[in-house]
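Okay, structure first, notes after.
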Amino acid sequence: MKRRQFLKISSALFASAAAPGLSWENSPVLAAPEERVVPSICELCFWRCGIQAQVKEGRVAQITGHPKHPLSNGKLCPRGVGGTGLLYDPDRLRQPLIREEVDGKQQFRPATWDEALDLIAERLGYLTAFYGTESVAMFNHGFGASFFKTLFKAYGIHTFSAPSYAQCRGPRQEAFKLTYGHGLGSPEALDVAHSKCLVLLGTHLGENMHNTAVQDFTEAVARGCHLIVVDPRFSTAAGKAREWLPIKPGTDLALLLSWIRTLIEEELYDRDFVEVNTVGLEEVRAAVAHATPEWAAAQTGIRAERILATARDLGRYRNEALVHPGRRVVWYGDDTQRERAIAILNALLGNYRHPGGLLRFSGFSVPSVKFPEEKNAFASFSSRFPLASAPPANELVEQTVSGDPYPIKAWFVYGTNLIHALGDQARTLQAIEALDLLVAIDVLPMEITGYADVVLPECTYLERYDDLDTRSYRTPYVALRQPVVKPMYDSLPGHEIARRLAGKLGMPDLFPDDMEAYLDGRLQQVGLSLQQLQVEGVVSQPEPEDLYRQPAEPLRFRTPSGKIELASAQLAQAGFDAVPRYTPPPAAPPGYFRLLHGRAPMHTFGRTANNRMLGELMPENELWVNAVTGKDVGLKSGEYVYLVNQDGVRSRTPIKVRLTERIRPEAVYMAHGFGHTDPRLKFAAGKGASDADLITHLSLDPIMGGTGMNNNFVTFTRSAES
Ligand code: SF4
């Protein structure tokens with residue numbers, strides 16, 4: 001028998017009565033009249049828009065955008081409006097669960113919080129005494145993880161990995177750091193609204209529904225922005241574009257290098273800016289000399305005249321043009337270098353802190369409370385990827401399997417369904433099998449919770465405080481997430497779970513007993529109060545006067561040279577190409593199609609697939625197949641097929657075929673986040689298919705360990721047999 005069998009949670013475990021929740025009866029918000037509007041922050045995705053929740057007779061009746069929050073401007077995306085679908089999801093985790101074995105059979109049993117946390121504390125104590133604190137890793141996604149990180153740092157645990165790094169935007173982060181000395185942040189500091197020429201490469205804004213990013217995009221389009229969309233698929237954004245370049249998948253870097261070459265050779269770049277603020281132009285010129293439009297046309301499948309014309313468009317708009325760096329950018333394994341090419345292009349255009357270009361945001365300064373950190377803690381995870389600034393999640397998986405260079409024996413998994421997020425599921429399951437302790441903290445019974453030893457039910461973002469959000473989107477702001485209604489069932493806010501666990505780990509005074517006093521204390525330091533934020537939800541500062549640079553303003557970048565590094569000495573020193581070099585992607589085996597995946601506007605990947613409100617808008621994903629090639633292989637629109645990948649791995653569930661002219665013939669496309677198989681997700685289970693089932697090959701980015709997932713190929717079968 002497997003050491004850790006996947007466990008379903010029986011419906012009997014959902015039958016417990018609602019627990020009393022925290023003693024928040026005196027909260028001015030929760031004690032307010034029966035009908036009220038409570039400002040807070042959305043967490044249906046990580047963008048953290050300001051919301052206003054209308055509460056009637058103790059239930060959240062409606063959620064709308066906060067008019068004064070810079071990320072909302074009074075609007076929400078469809079998911080944000082559907083937040084009550086999460087709050088009132090009947091499948092929510094309702095009480096702590098402990099894995100136990102009875103008569104040789106593993107099962108979950110309901111537990112009290114004390115029992116569950118005592119067990120975790122006891123096993124952590126044993127594991128860290130035996131293997132050291134480095135044997136514990138935390139995987140986290142979302143704002144609510146902050147107090148767990150504080151707790152673990154105080155205990156000497158420093159290995160934190162967010163799948164949003166190696167599985168999403170890490171290559172962008174490192175590429176811009178290498179080039180400009182800083183990343184783009186999140187939300188990314190881009191002046192899309194004022195761009196006069198915008199290039200989107202595989203970035204499907206409009207389907208990728210980050211509220212303010214889409215608002216800015218809409219504004220740019222309304223202003224008549226010259227939009228160039230590079231995508232193998234005719235996306236929603238492509239439908240708004242002046243130019244759609246239906247690129248052969250995996251060849252984007254060839255196009256970018258050719259654009260760089262044209263800008264340099266035809267002297268279309270911003271000479272004044274480049275001369276003063278960059279280094280490495282001649283190295284770049286030499287490295288891209290081969291990248292003629294004809295050469296790029298042969299790679300990309302886009303006609304040379306169109307490559308040349310779009311390069312000239314960029315040069316014509318120059319510093320009012322922006323090549324969007326994208327967000328989920330782990331595609332083919334050359335992702336940091338592709339993002340470097342985007343960074344170089346933007347530098348040549350001279351759009352740094354220019355209207356319509358790259359910006360720099362600095363957040364609202366509210367001093368943090370200093371928590372103690374274990375001085376003798378294992379300093380940090382040592383990555384075999386020299387320029388990784390955070391542990392890539394898959395590297396922790398590998399290390400958990402191998403125990404090399406030291407064993408990892410316990411995982412804390414907060415708000416991320418690693419089974420669907422990481423790719424190479426078999427390897428993830430192998431790592432899980434090697435663990436002595438797996439704790440999952442979540443709102444819903446996502447697949448990862450079925451492998452946990454202890455499941456801790458967190459309440460939703462509508463039932464809890466989190467720490468203050470002090471970021472900036474053009475204007476610095478401080479915003480409050482606060483409970484709109486009391487926690488349902490026996491769920492707890494993350495900060496309360498962390499506080500109780502701290503007590504069990506011998507640190508009873510680590511966190512303040514009273515979260516409201518903690519938040520008020522922070523706010524008082526800058527002349528604000530919790531009471532003010534409870535009423536207003538957000539306080540913003542004026543837009544900084546130096547958002548845009550002045551002509552001839554001296555700039556200094558945090559790179560070794562102090563300039564924008566077009567050719568990267570840091571990369572060269574680490575043994576990589578100083579200027580990006582193109583390598584063609586692997587070809588599909590005969591009869592197979594490259595599997596591409598992306599987002600749907602009404603879902604945040606698997607996190608919302610069980611949300612009945614959003615599920616009404618889109619209950620399942622579809623497989624886009626080119627109409628001509630689809631018919632050639634006998635597919636019909638509307639029929640369901642299973643997918644089989646290049647390694648013979650089959651999708652667990654079938655997917656509905658959509659034959660369309662809107663995709664290149666060598667690729668197929670699906671929205672990520674469907675195909676849940678866990679019956680505990682009663683609405684989502686069995687709807688659509690999961691690309692994660694089929695991503696068995698990861699193309700690792702040698703620079704920072706990003707997991708390129710687009711070098712997987714599928715064919716179709718109607719057979720339900722494996
Ligand atoms: Fe919520 Fe949508 Fe904003 Fe994400 S973009 S935080 S889901 S409203």
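Indexing begins at 1, ligand by ligand and atom by atom, following the structure's order. Computed from a predicted structure; not experimentally measured.
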ask   = side-chain contact (heavy atoms from CB on, under 4.5 Å) with L190: which of D216, L322, N351?
value = L322
ask   = List by chain and number: which residues place a heavy atom under 4.0 Å from ligand 1?
value = C42, L44, C45, W47, R48, C49, L76, C77, R79, G80, M209, H210, N211
Test log, rule salt bridge (charged side-chain N to carboxylate O under 4.0 Å, His left out), inputs D252 and R338 = CA-CA 7 Å; D252 306 71; R338 187 186 64 254; 5.5 Å; no
ask   = Centre of Y477's six-membered ring, under 6.0 Å away, within 45 degrees of the axis: is that where NZ or CZ of R471 sits?
value = no
request  = Mind checking side-chain contact (heavy atoms from CB on, under 4.5 Å) for V369 and listing every partner two or more places apart, or none if nothing turns up?
outcome  = F371, Y518, R522
message = Could you work out, with side-chain contact (heavy atoms from CB on, under 4.5 Å) as the rule, every residue matching E219, not counting sequence neighbours?
response = A193, H194, R223
query = Does anything in residues 197-210 pair up under salt bridge (charged side-chain N to carboxylate O under 4.0 Å, His left out), and if so which pairs, sequence neighbours excluded?
reply = E207-R233
